[in-house]
Chemist: 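Here it is: the structure, laid out below.
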Number of protein chains: 2
Amino acid sequence: MPVKRRPGTRVEPESVSELTTERLSVYLRCLEGLDRARIKTVSSRTLAEHLHLNPAQIRKDLAYFGEFGVRGVGYYVTELSRHLRQILGLDRRLSVVIVGAGNLGMALADYPGFRREGFEVIALFDTAPHKIGGTSRSGVPVLDIAELKEVAAREHVDIAVIAVPADASQSVAESIVAAEIRAILNFSPGAVRAPDGVKVKNMDLTVSLASLSFYLAQGTNGQTR
Amino acid sequence: MPVKRRPGTRVEPESVSELTTERLSVYLRCLEGLDRARIKTVSSRTLAEHLHLNPAQIRKDLAYFGEFGVRGVGYYVTELSRHLRQILGLDRRLSVVIVGAGNLGMALADYPGFRREGFEVIALFDTAPHKIGGTSRSGVPVLDIAELKEVAAREHVDIAVIAVPADASQSVAESIVAAEIRAILNFSPGAVRAPDGVKVKNMDLTVSLASLSFYLAQGTNGQTR
DNA sequence: TTTTGTGAACTAGTTCACAGCT
DNA sequence: AGCTGTGAACTAGTTCACAAAA
């Protein structure tokens, strides 16, 4: 029996897993490619072949949010892209700050992929006096971390990236939470703790390398995604 | 009934999931901290409290590889660290190359966490003539990607990191596979395809940010790890 | 016909709960 | 007593398979 939810309708938060939302982002990127190639419609089967995924999974992921497809036809590429951008909240400018103006923080501030996807890096934050007042190569200013709360309030910062050494990460996370930023992308080793209502995503280089090392050591076999 | 497997014994590859191996790396880091604090033994409960995990999960993860614990006592910290390092293949020097000597590649080459965990970045590779022949700030040489195969054979490279723009990532992946490197950490957007026997781990910034954006847009609530 | 949307079946991963060892 | 190791139960995630729509 068809779900009588209209496309774009909000869904109960608990029911959508992070695995699903990550795949939505992958679908979106693929659809944007198809759109540039002037392809009008795509079936879950074709999309699944592109992405090496199961077609039923794609249909199920999309069906959480509405009935976007047309039976016998598939999905309209441009339309589905627009829906996915809206579902993912990518239909508006998102402002990002990076805490830690070391090599990694600076590199991330200048990463062209951010801007291309609608993320704007408005500032770097650090504690080192000789860094404060400077800018990244592309001109992102480095500010004193003491100013984070004020800047976040003034500029409506959506996401904070943590790119500091491990021993500073928890205190940085607390400053971010105090600044009322509700989403954190953490590149520091070791998970940071944040209260409910603040989403933390860990990108731990060390853990990923260890997992590759295990594969090499044990001769396991597999593929991520 | 006790498993009659001795500690350190190899396990059937298929039975250990990537989620488990990633947690092993987290356990190891935590144990190293306890070891530095001169703590001799730790129970799965205590470890679980540190890491905000379930104690049964920790016991189960460890039990895949042997019986490391002592009933009534817990685990000997130093001994378990040593076992985990061996299981993860971190008991030896691992050599890493980075393909793509842009901002991100350079930053990764100089990332101190690599060396600290026993990974040695031996070279960067790029195609841009003005980059080739130079070095990163910490002195990692930038070589021509045409030399990758030769260097990999000579230096026994374990892991390759992809840090190039999306449109180059698949061809870079093919060069890496041709160089007989069997583990890839991919920072490019879009999953790269590699044959069986080559492990790919994707660290897709765009996907992670989109997932945070979804959380902000929908007001979902959760915590990674 | 093609292809969606979805209940049902299946597979993977987590947590419980307890026997058994120290 | 305390704590591990592990079957059993549970929960989450994926894939199958088919009715319904175009």
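Since we're looking at a predicted model, the values are computed, not measured.
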Chemist: C/dT4 phosphate, OP1 or OP2: any side-chain N/O from A/S44 under 4.0 angstrom?
Modeler: yes

Chemist: For B/S208, is there any backbone N or O sitting under 3.5 Å from a side-chain donor or acceptor partner on A/S25?
Modeler: no

Chemist: Quickly work out the A/R59 CZ to D/dA19 P distance and round it to whole Å.
Modeler: 15 Å

Chemist: Quick one: pull up CG in B/L94 and CG in B/D158 and give me the separation to the nearest 0.5 Å.
Modeler: 4.5 Å

Chemist: How do B/N54 and A/G72 order along DNA chain C: which one's closest nucleotide is nearer the 5' end?
Modeler: A/G72

Chemist: Does B/K60 contact C/dT14 through a side-chain donor or acceptor facing the base, at a distance under 3.5 Å?
Modeler: no

Chemist: From C-beta outward on A/V70, which listed nucleotide comes closest to its side chain: D/dT15, D/dA22, D/dG5?
Modeler: D/dA22

Chemist: Between C/dT14, D/dT6, C/dG5, spot the one nearest the side chain of B/R23, thanks.
Modeler: C/dT14

Chemist: Expressed as a whole number of angstroms, how long is the span from B/R45:CZ to D/dG2:P?
Modeler: 9 Å

Chemist: In whole angstrom, give the distance that lies between atom CG of A/L53 and atom P of D/dC16.
Modeler: 12 Å

Chemist: If you only use heavy atoms from C-beta on, which nucleotide in D/dC16, D/dT4, C/dT6 is closest to the side chain of B/S43?
Modeler: D/dT4

Chemist: Please determine if A/E22 and A/K201 form a salt bridge, counting it only when a charged side-chain N lies under 4.0 Å from a carboxylate O.
Modeler: yes

Chemist: Can you check whether B/Y76 has a side-chain N or O nearer than 4.0 Å to OP1 or OP2 of D/dT4?
Modeler: no

Chemist: Rounded to the nearest Å, what distance is computed from the CD atom of residue B/E79 to the P atom of nucleotide D/dT4?
Modeler: 13 Å

Chemist: Should the side chain of A/R71 and the base of C/dT4 be counted as holding a donor-acceptor pair, with the cut-off at 3.5 Å?
Modeler: yes

Chemist: Tell me which of A/V73 and A/A56 sits closer to the 5' end of DNA chain D, going by the nucleotide each one is nearest to.
Modeler: A/A56

Chemist: Taking CG from B/L62 and P from C/dT15, how many angstroms apart are they, rounded to a whole number?
Modeler: 15 Å

